[in-house]
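This structure is a prediction, so every number in the text was calculated from the model and none was measured.
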Amino acid sequence: MNICVFLSAADLDERYTRPAREFAERIGKAGHTLVWGGSDSGLMKVVADGVQEAGGRLLGVSVEFLANKARPGADEMVIAADLAERKKLLLEKADAVVIMVGGTGTLDEATEILELKKHGRTGKPVVLLNTAGFYDGLREQFRRMEAEGFLPRPLAELVFFADEPAGALAHLEEQLGAH
């Protein structure tokens, strides 16, 4: 399975890096491929290291203005012209999407995949990995959107919230029948 992970390239503390590393090792041990933004820094590096060291494949999609930060030694690296093309390629190459902790770029990627799902433009499973309660506020906002009629489909059809790495991967494997 090709698992696209949207996440930060920032250097973060252990409450975020430890679960990210665990999730990455689970991806690698299961023989899956990480599809990610291609960066060799911060949390992106932690996840790529974990997947690669556990035997998984790395498929990166960087962008021209960040190409100097692209990870050497990835199994495949594509350089997109801009951020819009990068998102498009990441989603095309993925069988499933996991949204991990991140900033505005991660939020942009998350809302795009959810918008595509909302309109039936993709059926790929989406998991929001809510490490250390990072997305509690966003989950509450999504619930309000659903309750007040802003979502034409049930929230549960759009995204699965997982608090732990094991639950995130188990959900994807169940959804796609991959083990």
Heavy-atom distance under 4.5 Å between the side chains of [X] and [Y], does that happen here?
X	Y	result
L66	V63	yes
V127	V97	no
L91	F6	yes
D136	E140	no
V47	L7	yes
D40	P72	yes
W36	V61	no
L172	I3	yes

Before accepting this row, confirm whether a basic side-chain N of the pair [X]/[Y] lies closer than 4.0 Å to the acidic partner's carboxylate O.
X	Y	result
R18	D13	no
K118	E115	yes
E25	R21	yes
E109	K87	no
D11	K45	no

Requested in this report: Applying side-chain contact (heavy atoms from CB on, under 4.5 Å), run through S62 and M77 and close with a yes or a no.
Outcome: CA-CA 7 Å; S62 189; M77 184 65 67; 4.2 Å; yes
Query raised in the report: Which ring pair (Phe, Tyr, Trp, His ring centres under 6.0 Å) pairs, counting each pair once, include a residue from residues 124-149, with sequence neighbours left out?
Result: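 Only Y16-F134 qualify under ring pair (Phe, Tyr, Trp, His ring centres under 6.0 Å).
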Query - Side-chain (N2) to main-chain (K93) donor-acceptor, under 3.5 angstrom - result: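 Between the backbone of K93 and the side chain of N2 there is a qualifying donor-acceptor contact (under 3.5 Å).
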Query raised in the report: Quick check: does any side chain N or O of R139 sit under 3.5 Å from a backbone N or O of F161, one acting as donor and the other as acceptor?
Result: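 Side chain of R139 to backbone of F161: no pair is present.
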Quick check for you: to the nearest 0.5 Å, what is the distance between [X] atom [atom1] and [Y] atom [atom2]?
X	Y	atom1	atom2	answer
L107	L138	CG	CG	6.0 Å
R153	L114	CZ	CG	10.5 Å
N68	S39	CG	OG	9.0 Å
K29	E53	NZ	CD	11.0 Å
D49	M44	CG	CE	13.5 Å
L128	L158	CG	CG	12.0 Å

Between [X] and [Y], which heavy-atom pair has the shortest distance, and what is it?
X	Y	answer
E173	A30	OE2-CB, 3.8 Å
A20	L43	CB-CD1, 3.6 Å
S8	G102	CB-CA, 3.7 Å
A96	M1	CB-SD, 4.3 Å
K117	V126	CD-CG2, 3.6 Å
E146	P154	OE2-CA, 3.4 Å

Query raised in the report: Given V101 and L12, is the side-chain contact (heavy atoms from CB on, under 4.5 Å) satisfied, shown in steps?
Result: CA-CA 10 Å; V101 296; L12 301 169; 4.1 Å; yes
Can you tell me if [atom1] on [X] sees more than 12 non-hydrogen neighbours from other groups inside 6.0 Å?
X	atom1	answer
E14	CD	no
R144	CZ	no
E157	CD	yes

Query raised in the report: Would you say I79 and L59 are hydrophobically clustered, going by side-chain heavy atoms of ILVMFWY under 4.5 Å?
Result: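 Yes, same cluster.
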Query raised in the report: Are L90 and F65 connected in a single hydrophobic cluster, I mean Ile/Leu/Val/Met/Phe/Trp/Tyr linked by side-chain heavy atoms less than 4.5 Å apart?
Result: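 No; L90 is not reachable from F65 via cluster members.
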Report task. If a pair satisfies side chain to side chain donor-acceptor pair (under 3.5 Å) and one of its residues is in residues 74-84, list it, with sequence neighbours excluded. Result ->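 Side chain to side chain donor-acceptor pair (under 3.5 Å) check on residues 74-84 returns no pairs.
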Query raised in the report: Is there a side-chain contact (heavy atoms from CB on, under 4.5 Å) between R71 and Q52 once you walk through the steps?
Result: CA-CA 12 Å; R71 182 184 182 94; Q52 198 166 44; 3.0 Å; yes
Requested in this report: Run the numbers on L83 and R86 for side-chain contact (heavy atoms from CB on, under 4.5 Å), then give the verdict.
Outcome: CA-CA 5 Å; L83 290 171; R86 180 196 213 181; 3.8 Å; yes
